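Every value quoted in this text rests on a predicted model; they were computed, and no experiment measured them.
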Amino acid sequence: MTPGADGTAPLVSLVMPVRNEAEGLHRSLSSVLDQDYPRERLEVIVVVGASEDGTGDVARGLAADDERVTVIDNPDGRTPVSLNMGLRAARGDLIGRVDGHAWVADDFVSEAVAALERSGADGVGGVAEHIGRGPAGEAIAIAMTSRVGAGNAAFRVGGEEGEADTVVFGLYRREVYERVGEFDESLTRNQNDEFNHRVREGGGRLLFAPSIRSSYVVR
């Protein structure tokens, strides 16, 4: 791991934009907090969009039990706005995103930090296992993780470590956001893809590393 200015592991900030995620938020946030990464070098910023299911109450209850969690309310509700609010609050040397309907492996952070160190890339991401609920959800998950449905998108279908066009639940160096800018708030979907396009358009490098693992419940 690349040491911080004082020789410690870099401080990692994970931003979680959530909306109507009360049912799965405990599992998602717990997976982010239960990392093998140094506890004191991880913070989580949960940005709660306008929800009707008590997501904010769940988030604040979890935050009360762990000082590493900060909860911010986003009355606007839109995901890119939540992401940008989280970015502005983040203190980390490295900043990434995890969604409320996803959960990550217990070495998610340490593997991402190690991948950044060995590659010198601007951002890294791994494989997201897509999980469907019910017959329709299972069919969508199968389509999204097949070559027919996803083409050569490594984060969906897997593959060997190497440079990528885009990454899922990426972890980036702070200076990337300072150089490229925030997420495009005019986009309802695909903010990550557009952001990653700007990273690469500006000469940045993205790395796909299959050792960085997460799971994602498809909509």
Do [X] and [Y] have side-chain heavy atoms sitting under 4.5 Å apart?
X	Y	result
N196	V167	yes
P17	D99	yes
V44	T70	no
N192	N190	no
L206	V124	no
V180	F195	yes
V69	L62	no
I45	E43	yes

I'd like to know if the side chain of [X] reaches the main chain of [Y], judged simply by a donor and an acceptor atom lying under 3.5 Å from each other, with no hydrogens or angles considered.
X	Y	answer
S119	A121	yes
D106	Q35	no
S215	W103	no
R198	E182	yes
D53	A22	yes

Using a strict cut-off of less than 4.0 Å between a Lys/Arg side-chain nitrogen and an Asp/Glu carboxylate oxygen, indicate whether [X] and [Y] qualify as a salt bridge.
X	Y	answer
R173	E178	no
D122	R179	yes
E40	R68	no
R27	E21	no
R60	D73	yes

Audit row: Q191, R97, side chain to side chain contact (heavy atoms under 4.5 Å, CB included) steps and yes/no: CA-CA 12 Å; Q191 303 90 7; R97 167 189 180 172; 4.2 Å; yes
Of all the heavy-atom pairs spanning [X] and [Y], show the shortest one and how long it is.
X	Y	value
V98	S28	CG1-OG, 4.5 Å
V15	S82	CG1-O, 4.3 Å
R118	A209	NH2-CB, 4.1 Å

Derivation of the side chain to side chain contact (heavy atoms under 4.5 Å, CB included) call for R41 and V12: CA-CA 6 Å; R41 305 303 294 168; V12 174; over 6 Å; no
Verdict with supporting geometry, V47 and M16, side chain to side chain contact (heavy atoms under 4.5 Å, CB included): CA-CA 6 Å; V47 187; M16 296 184 65; over 6 Å; no
Trace of the side chain to side chain contact (heavy atoms under 4.5 Å, CB included) decision for H197 with D165: CA-CA 7 Å; H197 173 72; D165 294 334; over 6 Å; no
Separation between OG of S186 and CZ of R78, rounded to the nearest 0.5 Å: 8.5 Å
Point-to-point distance, once rounded to the nearest 0.5 Å, from OG of S110 to OH of Y37: 8.5 Å
Aromatic plane relationship, Y177 with F183 - under 30° parallel, 30 to 60° tilted, over 60° perpendicular: tilted
